[in-house]
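Everything on this sheet refers to the single structure shown next.
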Amino acid sequence: MDASDLDHRARTRSGCIPPELVSRLLERGHADMVELQAGRGEWFCALAWARVLGEQGREADASEVLAPYVATGWWTAVVAAAELLEGWGRIDEAIEITRIRMEAGHPMALEAYTRLLARHGRAEEAFDLLVPHVDDGVLATALVDVASVAGRDEEAAALLVGRIRADHCCDGPWCCRGLDPDTLLGLLATTRERQGCIDEAIALLHRRQITSVNSRDQLADLLARHGRIEELRAYAALDGHEEALQRLAELLEEGDDLEGAIAVYGQADGPAARNPNSAYELAQLLARHGRGGEAIAVMRAQADAHHSDDWILHALSELCLDQGCPADGLAHLDALDARRGGGGEWELFWMRLPLIAACGGVDEGVEQARAHPEGNTWYAAKHIARLLAGAGRTEEAVAVLQQHDRRNSHDLAHHLVDLGRVEEAMAVLQHISPPSPLVPTARLWSEEPPF
C-alpha cells in the first residue's frame, strides 16, 4: 500500500468502496465482502471491519486489520487506530503510535498527541509541548483548549496578549500565515470568557474583521450563552451579520417565542426580504411550526427576485414537495422557464421531476425526463434512476445507470448491493471487469446416456 494513493482515493472517493456503501454492505449482511476487501487495500472497509471486530472484543484482530495501513505512515490511518485504541482503554498504545508520527515530523501529529495527553491526565505536559508553537493557528487553538484542562488559562492569555499587534490590519483572509489577528482575538476571548471576564471577551470579539467562521458567529454565541439578548439583537441588526441574526432567532425559538423569532427576520422589509440566506432560515422556521403556506410564500418571493440562483429554486421545489403542494411548485418553475426564454436547460428541468412524479406518477416523470434533449446524458440517468428506485423499481434504476456506469458508479453500486449483486457492485467501484459467467464445455444434464 502507498500512503499517497490511499489518501487520494479516500479524499476523492474514486476507485474505492465509499464509506456509505460499506455501511450498506454490513446492513445487508455482506460482512464477508467487507472483510475480504479490507485485506485488499480498501480503507473504508478496513476501518469498518476493525470497528466490528473491536465491538466483538477481538481487539487484536482489529489492530491487525489496520496494521498495514498504519505502516504506510498515512496520517488518517494512524488517527483511526489511535481512536480505536483509546476507545478500548489502551491509552498508552494510542499515545505511542501518535508520538511516533510526531517525532517523525508529521505536521498534524503534535495537535493530536497533545490533545490525547490532555484527555488522559497529562494536560500539564501537553501545554508545555504546545507553548513553543503558539504562533501556529491550529496549535494555538489546541493550547487554549488544553489550558482549560491544565488550569493554565492565565498563561495562555498572556501568550496570546503578547502577540496582538495593534498596528496591523489584515487586507484579506490569507494576509497572515500562522496565527492571524482574528483567530488570536477569538482564542483570547474564549480564555477570558472561561475566566469570567465576559465584558472583556465581548470587547475583544468586537475588534475582529471576520465575524463568521464555519457558519457560526462566536460573539453571537457568547451573547446568547449569557442571556444578553438586547446586545445580541443590536449586533444582529448590523449589516452582514446573518449568522448573528440566525442565532437570535434560534434563541427566541428555543424560548418558545415563535412570533419573536419570525419578527427577527421580518418579511416585508426585514433581512428576509433582502437576503436569500435569511429568507431560507425564515422559511425553515415557519415550516417547522406548521406554517408551510407562509414558508412557500417567502421562498417564492426570493425565487422571483433571484431567478438565476438555482439553489433558491431547489429550496422552493423541496418545500412545495414537503408541504404537499407539488402542483404549485411546477407552476412556478413553468413560469420561471418562460421568463428565461423557455430554454429548458437540465439544471432547471430536473428539479421538476419529483414534483411531476408526485402529481402524475413516476412513469410520467421518467417519460418527460427521457424526452428532454439531455435525457440520455449520465447526469440525467442519475435523476431518472433516483425516481425509479424511490418507487421500489430498483432493477430498472440499475438498467438506466449501467448505460453510464463509470460516471454513476456509486449510485449503481448502491442499487446493486440492494439487489444482492455484490460482486458486480465491487467491479463497478473498482473499475475492473466483472468475472465472466462460467460457460460449460459439456451438457450438464440429460435424460439420455451418457448421463
Looking at [Y], is its backbone amide N or carbonyl O close enough to the side chain of [X] to form a donor-acceptor pair, meaning the two atoms are under 3.5 Å apart?
{"X": "Asp136", "Y": "Leu139", "answer": "yes"}
{"X": "His383", "Y": "Tyr379", "answer": "yes"}
{"X": "Glu374", "Y": "Trp346", "answer": "yes"}
{"X": "Thr72", "Y": "Pro68", "answer": "no"}
{"X": "Asp182", "Y": "Gln209", "answer": "yes"}
{"X": "Gln218", "Y": "Gly186", "answer": "yes"}
{"X": "Tyr69", "Y": "Glu42", "answer": "yes"}
{"X": "Ser148", "Y": "Val144", "answer": "no"}
{"X": "Asp309", "Y": "Trp311", "answer": "no"}
{"X": "His410", "Y": "Arg13", "answer": "yes"}

Supply the atom-to-atom distance [X] [atom1] to [Y] [atom2], rounded to the nearest 0.5 angstrom.
{"X": "Ile17", "Y": "Ser23", "atom1": "CD1", "atom2": "OG", "value": "12.0 Å"}
{"X": "Asp7", "Y": "Thr12", "atom1": "CG", "atom2": "OG1", "value": "9.0 Å"}
{"X": "Glu253", "Y": "Ile262", "atom1": "CD", "atom2": "CD1", "value": "9.0 Å"}
{"X": "Leu188", "Y": "Ile164", "atom1": "CG", "atom2": "CD1", "value": "5.0 Å"}
{"X": "Asp2", "Y": "Trp74", "atom1": "CG", "atom2": "CH2", "value": "11.0 Å"}
{"X": "Leu129", "Y": "Glu124", "atom1": "CG", "atom2": "CD", "value": "11.5 Å"}

- Message: For Arg216, is there an ion pair with Asp221 - N to carboxylate O distance below 4.0 angstrom?
- Response: yes
If you compare all heavy atoms of [X] against all heavy atoms of [Y], which two are closest, and at what distance to 0.1 Å?
{"X": "Leu179", "Y": "Ala140", "value": "CD1-CB, 4.0 Å"}
{"X": "Leu353", "Y": "Gly365", "value": "CD2-O, 3.5 Å"}
{"X": "Ala201", "Y": "Ala189", "value": "CB-O, 3.5 Å"}
{"X": "Phe349", "Y": "Ala369", "value": "CE2-CA, 3.8 Å"}
{"X": "Ser63", "Y": "Trp88", "value": "OG-CZ3, 3.6 Å"}
{"X": "Ala295", "Y": "Ala283", "value": "CB-O, 3.3 Å"}

Do [X] and [Y] have side chains that approach each other closer than 4.5 Å (heavy atoms only, starting at C-beta)?
{"X": "Leu245", "Y": "Glu281", "result": "no"}
{"X": "Ile198", "Y": "Arg228", "result": "yes"}
{"X": "Trp75", "Y": "Thr98", "result": "yes"}
{"X": "Thr211", "Y": "Leu219", "result": "no"}
{"X": "Ser14", "Y": "His8", "result": "yes"}
{"X": "Leu333", "Y": "Leu355", "result": "yes"}
{"X": "Leu429", "Y": "Leu412", "result": "no"}
{"X": "Leu258", "Y": "Arg291", "result": "yes"}

Is the count of non-hydrogen atoms from other residues, nucleotides or ligands lying under 6.0 Å from [X] atom [atom1] greater than 12?
{"X": "Asp239", "atom1": "CG", "answer": "no"}
{"X": "Glu125", "atom1": "CD", "answer": "yes"}
{"X": "Phe44", "atom1": "CZ", "answer": "yes"}

- Applying side-chain contact (heavy atoms from CB on, under 4.5 Å), run through Leu416 and Met426 and close with a yes or a no. CA-CA 9 Å; Leu416 287 169; Met426 298 302 99; over 6 Å; no
- Task: Give the intermediate values and the outcome of salt bridge (Lys or Arg N to Asp or Glu O under 4.0 Å) for residues Arg9 and Asp5.
- Result: CA-CA 6 Å; Arg9 287 194 289 149; Asp5 178 58; 3.3 Å; yes
- Apply the test side-chain contact (heavy atoms from CB on, under 4.5 Å) to residues Leu205 and Leu185: give CA-CA distance (whole Å), side-chain angles for both, the deciding distance (0.1 Å), then the verdict. CA-CA 6 Å; Leu205 293 174; Leu185 291 168; 5.6 Å; no
- Decide side-chain contact (heavy atoms from CB on, under 4.5 Å) for Trp350 and His372; before the verdict, give the C-alpha distance in whole Å, the side-chain angles of both, and the deciding distance to 0.1 Å. CA-CA 10 Å; Trp350 79 261; His372 191 277; over 6 Å; no
- Query: Who pairs with Arg192 by salt bridge (Lys or Arg N to Asp or Glu O under 4.0 Å), at least two apart in sequence or on another chain?
  - Reply: Glu154, Glu200
- Among all residues two or more places apart in sequence or in another chain, which pass the salt bridge (Lys or Arg N to Asp or Glu O under 4.0 Å) test with Glu96?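 Salt bridge (Lys or Arg N to Asp or Glu O under 4.0 Å) check on Glu96 returns Arg99.
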Does either side chain, that of [X] or that of [Y], offer a donor lying less than 3.5 Å from an acceptor on the other one?
{"X": "Glu193", "Y": "His226", "value": "yes"}
{"X": "Tyr280", "Y": "Gln302", "value": "no"}
{"X": "Glu242", "Y": "Asn275", "value": "yes"}

Can I get a per-line list of side-chain donor-acceptor pairs under 3.5 Å for residues 77-87, giving both atom names and the distance, sequence neighbours left out?
unit_1 : atom_1 : unit_2 : atom_2 : d
Glu86  : OE1    : Arg119 : NH2    : 3.1
Glu86  : OE2    : Arg119 : NE     : 2.9
Glu86  : OE2    : Arg119 : NH2    : 3.4
Glu86  : OE2    : His120 : NE2    : 2.7

Under 3.5 Å donor-acceptor pairs involving side-chain atoms of residues 108-115, not counting sequence neighbours:
unit_1 : atom_1 : unit_2 : atom_2 : d
Glu111 : OE2    : Arg115 : NE     : 3.1
Thr114 : OG1    : Leu110 : O      : 2.8
Thr114 : OG1    : Glu111 : O      : 3.1
Arg115 : NH1    : Asp145 : OD2    : 3.0
Arg115 : NH2    : Asp145 : OD2    : 3.0

- Residue pairs fulfilling salt bridge (Lys or Arg N to Asp or Glu O under 4.0 Å) with at least one residue in residues 324-335, sequence neighbours excluded: Asp334-Arg352
- Message: One pair to check against side-chain contact (heavy atoms from CB on, under 4.5 Å): Val298 and Glu294. What are the steps and the verdict?
- Response: CA-CA 6 Å; Val298 167; Glu294 293 174 71; 5.6 Å; no
- Scan residues 193-225 for pairs that pass ring pair (Phe, Tyr, Trp, His ring centres under 6.0 Å), counting only residues two or more places apart or in two chains.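 Found His206-Tyr235.
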